[in-house]
Amino acid sequence: MTELSRPDLLPDASLSTEEMESLQREIAQSAVFEDEFDIGSTPANQADAGNEPVFDPAVLSNPLAATASDADPPIVAGVDQAFLLEDEPERALSAVVAMRGGEVIERVYAITPLEIPYIPGLLAFREGAPILDALEELTVDPDLFLFDGSGRIHFRQAGIATHIGVLVDAPAIGVAKSLLCGDPAGDLEDLPAGTRVPIEANSRVDAPDGILLGYAVQTKQYESSSRYVNPLYVSPGHRVGPEMAADVVLELSSGYKLPEPVRLADSYADEAKTLDS
DNA sequence: GCGACAG
DNA sequence: ATCTTGTCGC
């Protein structure tokens with residue numbers, strides 16, 4: 001159900017490092033780092049739309065959105081991997097959890113041999129094939145993808161969320177638990193839940209210094225405690241702007257650090273891994 | 001040469 | 001990512 005739009009940009013693990021980096025620059029040029037949704041056609045989203053395309057993230061998690069409109073709420077898919085490193089060769093288990101209006105409508109996974117080791121900046125060439133294999137198992141067609149890892153917050157602005165997003169030409173968001181590169185525009189310690197801090201390009205990023213790459217997003221925080229929760233690093237993958245990416249992640253987060261589709265994909269991957277071995 | 005580096 | 005016990009807090 002998830003069609004490849006750009007088979008010429010597949011993450012070929014047999015390429016040289018230079019060729020991989022070159023492909024990533026090509027992907028970054030094909031990527032759209034601003035809102036370009038063809039979804040969200042609910043009364044709430046159409047009201048007072050003017051000429052600007054609008055999209056209210058609330059339709060993603062509101063089960064009632066279906067009845068408030070003649071159309072179903074958009075389908076959001078969370079994607080995450082678990083690994084079978086004792087195997088020879090090592091294999092990856094990629095899990096996808098599809099949700100609509102806050103409810104799970106499908107869960108699939110695929111197990112795929114790994115071709116190369118983990119190399120910072122080249123993650124898509126290790127995990128791309130497993131992810132695409134899992135997406136092929138899907139019978140529904142997601143309107144939006146959330147990936148574990150970076151999107152535009154990447155040395156060449158082509159993290160795994162951007163790479164896969166461009167391949168299937170679908171709105172995609174990168175959700176990372178640690179920062180690969182870029183500079184936070186402020187203090188990230190003990191941020192209140194619901195807040196965000198810009199992540200800007202620096203000399204290590206193939207983009208003008210200061211360009212907004214994404215946000216550190218605080219989806220969860222302890223009330224009155226001596227410890228604090230670290231933020232997530234959210235960035236546009238494809239067809240989503242940085243503001244909307246952060247809005248969507250906050251909307252899909254409910255009581256846990258990770259947005260629900262990714263959190264469920266994470267636990268499903270572990271579950272399926274145990275079930276397999 | 002040294003540091004930095006998603007999962 | 002994965003390997004794991006204890007520990008803090010509601």
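Below, read A as the first sequence line, B as the second, and so on, with proteins coming before strands; counting in each chain starts at 1.
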- Message: Looking at every non-hydrogen atom in both residues, tell me the closest pair between A/A31 and A/H238 and how far apart they are.
- Response: CA-ND1, 3.6 Å
- Item | Presence of A/S178 side-chain N/O under 4.0 Å of B/dC5 phosphate oxygens OP1/OP2 | no
- Query: Is any side-chain N or O of A/Y233 closer than 4.0 Å to OP1 or OP2 of B/dA6?
  - Reply: no
- Rounded distance (Å) that lies between atom P of B/dA4 and atom CG of A/N202: 13 Å
- Task: Measure the distance between the ring centre of A/Y222 and the centre of the six-membered base ring of C/dG9, then answer whether it is under 5.5 Å with planes under 30°.
- Result: no
- Message: In whole Å, I'd like the distance from the CG atom of A/L123 to the P atom of B/dA4.
- Response: 21 Å
- Query: Out of A/V262, A/V97, A/L146, which residue meets the side-chain contact (heavy atoms from CB on, under 4.5 Å) rule with A/V76?
  - Reply: A/L146
- Write down the distance between CD1 (A/I119) and P (B/dA6), rounded to a whole number of angstrom. 13 Å
- Message: Any side-chain N or O of A/K273 below 4.0 angstrom from OP1/OP2 of C/dA1?
- Response: no
- Message: Output the rounded distance in Å from CG (A/L213) to C1' (B/dA6).
- Response: 14 Å
- Separation of A/Q221 atom CD from C/dC10 atom P, in whole Å? 13 Å
- Query: Does the side chain of A/K177 get closer than 4.0 angstrom to OP1 or OP2 of B/dG7 through an N or O atom?
  - Reply: yes
- Within this structure, what is the CD1-to-C1' distance between A/I116 and C/dA1, rounded to whole angstrom? 14 Å
- Atom-pair distance (CD on A/E86; C1' on C/dA1), nearest Å: 12 Å
